Each structure stands twice: as C-alpha cells, then as structure tokens.
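The structure under discussion appears below in the form of structure tokens.
Sequence lines set the chain letters: A, B, ... in the order given, protein chains first and strands last, and positions in each chain run from 1. Nothing here was measured: the structure is a model prediction, and the numbers come from that model.
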Amino acid sequence: MAQYWLVKSEPDTYSFDDLVRDGSTVWDGVRNPAAAKHLRTMAVGDEVFFYHSGAKPGVVGRARVTRTAFPDPNDASGRWVAVELAAGKPVKAPVSLADIKAEPALADLAIVRQGRLSVSPVTAAEWKTITAMAQS
DNA sequence: GCCAACGTTGGC
DNA sequence: GCCAACGTTGGC
C-alpha cells in the first residue's frame, strides 16, 4: 500500500511549476536526519504533497516517488540520500498553511507540529482531508 | 556524554 | 526584520 508524504521547497529555489516543467527531478540536498530517514522509507509509487514555504506557504501540487533512496549526488560524505520525484496532479485550489492550521483534522500533521521538517509523513486520513480542501 | 552557544529555517 | 523552534557544534 502506498504511503503519503509532504516535501517542502522554497519556490524561489525550486517550485512546483519547475517540477511540472521538468517532468521529474532528483530530490536532493536534504541535510536533516529526520527528513533523511523519511526519504529512505519512501517506495516507488508513494504519493507526495508539494509544499511551498516562504511568502505564501501551502500545498500547491502533488508528485510521485519514481526512484527510492540513493546516495545524494551532491554529497561527498556519502551520508545523505536523494530520491526521484515525478510531477503529479496539480491541486485545484492551493491549501494554505493558515487553512491547514484551521482544520482540526490536521492538528497532528507533522508540518504543523514541527514546521522546519523538510520531508514529513502524511497519514491516509490527512491525505484525504487535504485533497478535499484542495477540491481535488 | 552533557549542555550552552550558535546557526538556520520558516512563519509572521 | 524579528522571533521561535530546533539542529549542530564544541568545550569540558
């Protein structure tokens, strides 16, 4: 059964539109042990919410895992891993962080509880809730 | 191995 | 630009 995740990116650095344009991308540069652990747990076919941090924080799109964890090509130490993500369905309506915080069903969402985590798990129920808020 | 100081991230 | 949260570093 597929798992669900949320990845965070500064749109100035790499936006969801960039992912749509590229089709797929290597998700590297994660340098946080907790986030890296989640990367290692990802399986091909897992579904991912794409979250923009910065001026307008929120969920803006979806992606799919197309390659499981492999050594981060930009890391000389060999300690860190990357995965490959392919663009998925955009959300119909972006779900802002304010919307997420206002929704009681999302009170336990990892990003609410620990804002700085760049890769975090999402439960099936949370995935459904956010999908409903995004009007699919 | 503990803990204080410091740096970084991200929301506002 | 500020501040809170959290991770990392370095002295002991």
Should side-chain heavy atoms under 4.5 Å link Ile, Leu, Val, Met, Phe, Trp and Tyr, which residues sit in the same cluster as A:Leu117?
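Joined to A:Leu117, directly or through intermediates: none.
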To which residues is A:Val26 joined in a hydrophobic cluster, defined by side-chain heavy-atom contacts under 4.5 Å among Ile, Leu, Val, Met, Phe, Trp and Tyr, whether direct or through other members?
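Members besides A:Val26, by chain and number: A:Phe70.
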Any residue of residues 28-39 of chain A with a heavy atom less than 4.0 Å from an atom of DNA chain C:
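Contacting residues: A:Asn32, A:Pro33.
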What pairs of donor and acceptor atoms, side-chain ones from residues 127-136 of chain A against any protein atom, are under 3.5 angstrom apart with sequence neighbours left out?
{"residue": "A:Thr129", "atom": "OG1", "partner": "A:Ala125", "partner atom": "O", "Å": "3.0"}
{"residue": "A:Thr131", "atom": "OG1", "partner": "A:Trp127", "partner atom": "O", "Å": "2.8"}

If a pair means Watson-Crick or G-U wobble with both distances below 3.5 Å, what does DNA chain B look like in dot-bracket form, with | marking bases paired to a different strand?
||||||||||||
Along nucleotides 6-12 of chain B, 5' to 3', which nucleotides get a B, which get an S, and which get a -, given that the test is a protein heavy-atom distance under 4.0 Å?
-BBBSSS
Applying salt bridge (Lys or Arg N to Asp or Glu O under 4.0 Å), can you list everything that pairs with A:Arg113, at least two apart in sequence or on another chain?
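Checked A:Arg113 against salt bridge (Lys or Arg N to Asp or Glu O under 4.0 Å); matches are A:Asp108.
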Solution key, residues 28-36 of chain A side-chain donor-acceptor pairs under 3.5 Å, sequence neighbours excluded:
{"residue": "A:Asp28", "atom": "OD2", "partner": "A:Asn74", "partner atom": "ND2", "Å": "2.8"}
{"residue": "A:Arg31", "atom": "NH1", "partner": "A:Asp72", "partner atom": "OD2", "Å": "2.8"}
{"residue": "A:Arg31", "atom": "NH2", "partner": "A:Asp72", "partner atom": "OD2", "Å": "3.3"}
{"residue": "A:Asn32", "atom": "OD1", "partner": "A:Ala34", "partner atom": "N", "Å": "2.9"}
{"residue": "A:Asn32", "atom": "OD1", "partner": "A:Ala35", "partner atom": "N", "Å": "3.0"}

So, applying side chain to side chain contact (heavy atoms under 4.5 Å, CB included) with A:Trp27, which one of A:Val7, A:Val81, A:Val48, A:Leu19 is it?
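When side chain to side chain contact (heavy atoms under 4.5 Å, CB included) is applied between A:Trp27 and each of A:Val7, A:Val81, A:Val48, A:Leu19, only A:Val7 qualifies.
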Partner set under side chain to side chain contact (heavy atoms under 4.5 Å, CB included) for A:Leu6, not counting sequence neighbours
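So A:Leu6 forms a side chain to side chain contact (heavy atoms under 4.5 Å, CB included) with A:Phe49, A:Tyr51, A:Val59, A:Ile111, A:Ser120, A:Val122.
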My understanding is that only residues two or more places apart in sequence, or in another chain, count here; which of them pass side chain to side chain contact (heavy atoms under 4.5 Å, CB included) with A:Thr68?
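A:Thr68 satisfies side chain to side chain contact (heavy atoms under 4.5 Å, CB included) with A:Val44 once adjacent residues are dropped.
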Does any pair with a residue in residues 74-97 of chain A pass salt bridge (charged side-chain N to carboxylate O under 4.0 Å, His left out), and if so which ones, sequence neighbours excluded?
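Applying salt bridge (charged side-chain N to carboxylate O under 4.0 Å, His left out) to every pair that reaches into residues 74-97 of chain A, excluding sequence neighbours, yields nothing.
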Pairs in or reaching into residues 1-23 of chain A: which pass salt bridge (charged side-chain N to carboxylate O under 4.0 Å, His left out), with residues at least two apart or in two chains?
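Counting only pairs at least two positions apart or across chains, the salt bridge (charged side-chain N to carboxylate O under 4.0 Å, His left out) contacts touching residues 1-23 of chain A are A:Asp18-A:Arg21.
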